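For reference, the structure discussed in these notes is given below.
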Amino acid sequence: MALSLAACGNGNSGTDSAGSGNAATGGGAASSSAPAASGEGLPEKVKFASDASYAPMEYMDKDKIVGFDIDFIAEVMEEAGMEYEVVNTGWDTMLTSVQQGTEYHAGLSSVSITEERKQTYDYSIPYFESTNMIMVKEGSEIKSALDLKDKTVAVQTATTADSLMSEIMGLDNPKLKRYDSNAVALMELQGGGADAVVADNAIVGEYIKNNPDQKVVGITDTENFGAEYYGILYPKGSALKAKLDPAIRTVLENGKYEEIYKKWFGEAPDMDSLLKAE
């Protein structure tokens with residue numbers, strides 16, 4: 001348990017200094033510190049909201065946010081020449097605050113690009129390919145997503161896993177348990193309160209790797225869980241998209257992205273698929 005919680009972090013730790021995470025300085029200067037919006041200048045310092053409970057993407061290591069996304073954004077912001085800060089806010093706070101565009105300029109938290117979210121937010125170009133994955137205890141009879149229909153399933157609320165399982169099980173199915181963070185969903189499986197957890201494959205894979213004593217396995221179901229892509233989340237009309245998209249593309253193409261990916265996942269990414277996802 002100690003290992004799993006350390007890896008997953010606290011998804012609702014607020015915005016105090018313990019959750020402030022990385023802050024980096026770039027070369028560019030801008031005219032305003034207010035959140036960027038259509039017709040306004042870029043912020044002097046970009047403030048990213050994040051739910052640092054998605055190891056290995058973003059998670060708390062003592063009082064610092066670390067992970068793939070954190071290394072990735074460091075390269076992007078250096079390329080863009082901008083100062084920035086990543087703050088651990090929790091998932092719901094991130095979604096709400098970025099939509100309002102008041103306290104935070106953007107969201108950086110393994111956010112899948114969906115048509116539904118595009119009605120409310122702007123996105124960067126895709127920077128990571130993912131898919132949802134099922135995690136069960138060894139010996140489980142569950143073999144695919146459709147096997148979950150009558151089971152008790154734990155997910156993080158307002159995620160694509162939540163949406164997918166709502167379609168399979170029914171939106172108001174009492175056996176579909178929604179939690180504020182994946183850490184709590186994983187604990188529910190550990191404690192026998194759920195038959196399965198559905199979450200992004202990077203999260204499931206990291207948990208299995210770090211917790212061999214838990215005797216859990218991951219199940220891939222590409223027929224029912226298709227490929228998804230992460231993007232940086234912006235308020236509608238944010239000027240940051242036009243500023244950061246070229247920097248993201250450069251990091252994807254100059255070899256820096258592959259270095260970061262290999263560091264965190266131990267293998268090379270499928271760059272052809274990712275670059276075609278735009």
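Predicted model, so just to flag it, every value in this text is computed and none were measured.
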Determine, stepwise, if the pair Tyr127 / Phe72 fulfils ring pair (Phe, Tyr, Trp, His ring centres under 6.0 Å).
CA-CA 9 Å; Tyr127 72 85; Phe72 168 72; 4.6 Å; yes
To the nearest 0.5 Å, what is the distance between OG (Ser53) and CE (Met60)?
11.0 Å
Check whether Asp200 reaches the backbone of Ile203 with its side chain - one donor and one acceptor, N or O, closer than 3.5 Å.
no
Quick check against the 3.5 Å criterion: does Ser238 have a side-chain atom that pairs as donor or acceptor with the backbone of Pro235?
no
Are Tyr84 and Glu78 linked by a side-chain donor-acceptor pair shorter than 3.5 Å?
no
Are Phe48 and Met82 in one and the same hydrophobic cluster, where Ile, Leu, Val, Met, Phe, Trp and Tyr link if side-chain heavy atoms are under 4.5 Å apart?
yes
Rounded to the nearest 0.5 Å, how far apart are OG of Ser140 and CG of Leu189?
9.0 Å
When you compare the side chain of Arg117 with that of Ser112, does any pair of heavy atoms fall below 4.5 Å?
yes
With a cut-off of 6.0 Å (strictly less than), are more than 12 heavy atoms of other residues, nucleotides or ligands near CD of Glu267?
yes
Does a side-chain heavy-atom distance below 4.5 Å link Glu83 with Glu44?
no
Closest contact, heavy atoms only, Gln119 versus Glu115
NE2-O, 3.3 Å
Tell me, yes or no, whether the heavy-atom count around Glu116 atom CD, taken from other residues, nucleotides or ligands under 6.0 Å, exceeds 12.
no
Ring pair (Phe, Tyr, Trp, His ring centres under 6.0 Å) test vs Phe128 passes for just one of Phe265, Tyr54, Tyr229, Tyr257, namely Phe265
Hey, what do you get for CD (Gln156) to OG (Ser181), rounding to the nearest 0.5 Å?
6.0 Å
Flag yes if Leu233 and Ile113 sit in one hydrophobic cluster, no otherwise; membership is Ile, Leu, Val, Met, Phe, Trp, Tyr, and two members link when side-chain heavy atoms are under 4.5 Å apart.
yes
For the CD atom of Glu141 and the CG atom of Asp147, what is their distance to the nearest 0.5 Å?
7.5 Å
Common cluster, Val46/Val251, ILVMFWY with side-chain heavy-atom separation under 4.5 Å
yes
Modelled atom types, side-chain donor and acceptor of Thr96 and Asp92, under 3.5 Å
no
Scanning both residues in full, the closest heavy-atom pair of Ala145 with Asn224 reads CB-CB, 3.8 Å
From CA spacing to verdict: side-chain hydrogen bond (donor to acceptor under 3.5 Å, both in side chains), Thr159, Arg178:
CA-CA 10 Å; Thr159 60; Arg178 300 176 175 91; over 6 Å; no
So which heavy atom on Ile248 is nearest to which on Ser124, and how close?
CD1-CB, 3.6 Å
With Asp245, which of Val76, Ile125, Thr250, Leu240 fulfils side chain to side chain contact (heavy atoms under 4.5 Å, CB included)?
Ile125
Carefully, step by step, assess Thr220 and Thr222 under the rule side chain to side chain contact (heavy atoms under 4.5 Å, CB included).
CA-CA 6 Å; Thr220 300; Thr222 55; 3.8 Å; yes
For residues Thr160 and Asn132, is any side-chain donor paired with an opposing acceptor at under 3.5 Å?
yes
Any luck finding a side-chain donor-acceptor pair between Asn254 and Glu75 under 3.5 Å?
no
Lys256 atom NZ, neighbour heavy-atom count above 12 within 6.0 Å:
no
Any chain of hydrophobic side-chain contacts (each under 4.5 Å) joining Tyr234 to Leu108?
yes
Distance, nearest 0.5 Å, that separates CE of Met165 from CG of Leu148
4.5 Å
Apply side chain to side chain contact (heavy atoms under 4.5 Å, CB included) to residues Lys137 and Val217 and explain how you reach the verdict.
CA-CA 6 Å; Lys137 292 185 176 181; Val217 295; over 6 Å; no
Decide yes or no on side-chain hydrogen bond (donor to acceptor under 3.5 Å, both in side chains) for Ser110 and Glu58, but give the supporting numbers first.
CA-CA 8 Å; Ser110 308; Glu58 49 269 315; 2.6 Å; yes
Verify whether one side chain among Trp264 and Asp71 offers a donor that lies under 3.5 Å from an acceptor in the other.
yes
Asn173 side chain vs Lys175 backbone, donor-acceptor pair below 3.5 Å:
yes
Lys236 with Asp122: basic N within carboxylate O range, under 4.0 Å:
yes
Within the 4.5 Å heavy-atom criterion, are Val136 and Val216 side-chain neighbours or not?
no
So Asp51 and Thr89, side-chain hydrogen bond (donor to acceptor under 3.5 Å, both in side chains) or not? Walk me through it.
CA-CA 6 Å; Asp51 177 9; Thr89 64; over 6 Å; no
Can you see which heavy atom on Ala196 is nearest to which on Ile134, and at what distance?
CB-CG2, 4.0 Å
Please determine whether residues Trp91 and Leu176 belong to a single hydrophobic cluster, defined as Ile, Leu, Val, Met, Phe, Trp and Tyr linked transitively by side-chain heavy-atom distances below 4.5 Å.
no
Do Ser130 and Asn201 touch side chain to side chain, with heavy atoms closer than 4.5 Å?
yes
Going by heavy atoms in the side chains, are Met77 and Leu244 under 4.5 Å from each other?
yes
As a quick check of understanding, evaluate side chain to side chain contact (heavy atoms under 4.5 Å, CB included) for Tyr123 and Lys118, giving each step before the final call.
CA-CA 7 Å; Tyr123 278 101; Lys118 284 181 179 179; 4.0 Å; yes
Check whether any side-chain heavy atom of Met271 lies under 4.5 Å from a side-chain heavy atom of Leu252, and answer yes or no.
yes
Is there a donor in the side chain of Ser273 and an acceptor in the side chain of Glu129, or the other way round, less than 3.5 Å apart?
yes
To check you understand the geometry: which heavy-atom pair defines the closest contact between Glu206 and Pro56, and what is its length?
CB-CD, 3.5 Å
Phe68/Tyr230 aromatic ring centres below 6.0 Å
no
Residue pair Asn182 / Ala199: nearest heavy atoms and the distance that separates them:
OD1-CB, 3.6 Å
Val198 vs Val153 side-chain heavy atoms within contact, under 4.5 Å:
yes
By side chain to side chain contact (heavy atoms under 4.5 Å, CB included), which residues pair with Asp195, not counting sequence neighbours?
Ile142, Lys151, Thr152
Quick check: does any side chain N or O of Lys177 sit under 3.5 Å from a backbone N or O of Gly193, one acting as donor and the other as acceptor?
yes
Under 3.5 Å, is there a donor-acceptor pair between the side chain of Tyr121 and the main chain of Leu95?
yes
Do Lys47 and Tyr104 meet the cation-pi criteria used here (NZ or CZ under 6.0 Å from the six-membered ring centre, within 45° of the axis)?
yes
With heavy-atom distances below 4.5 Å as the criterion, would you say the side chains of Tyr179 and Thr157 are in contact?
no
Could you tell me the separation between the CG atom of Asp150 and the CE atom of Met169, rounded to the nearest 0.5 Å?
8.0 Å
Is there a donor in the side chain of Ser144 and an acceptor in the side chain of Glu223, or the other way round, less than 3.5 Å apart?
no
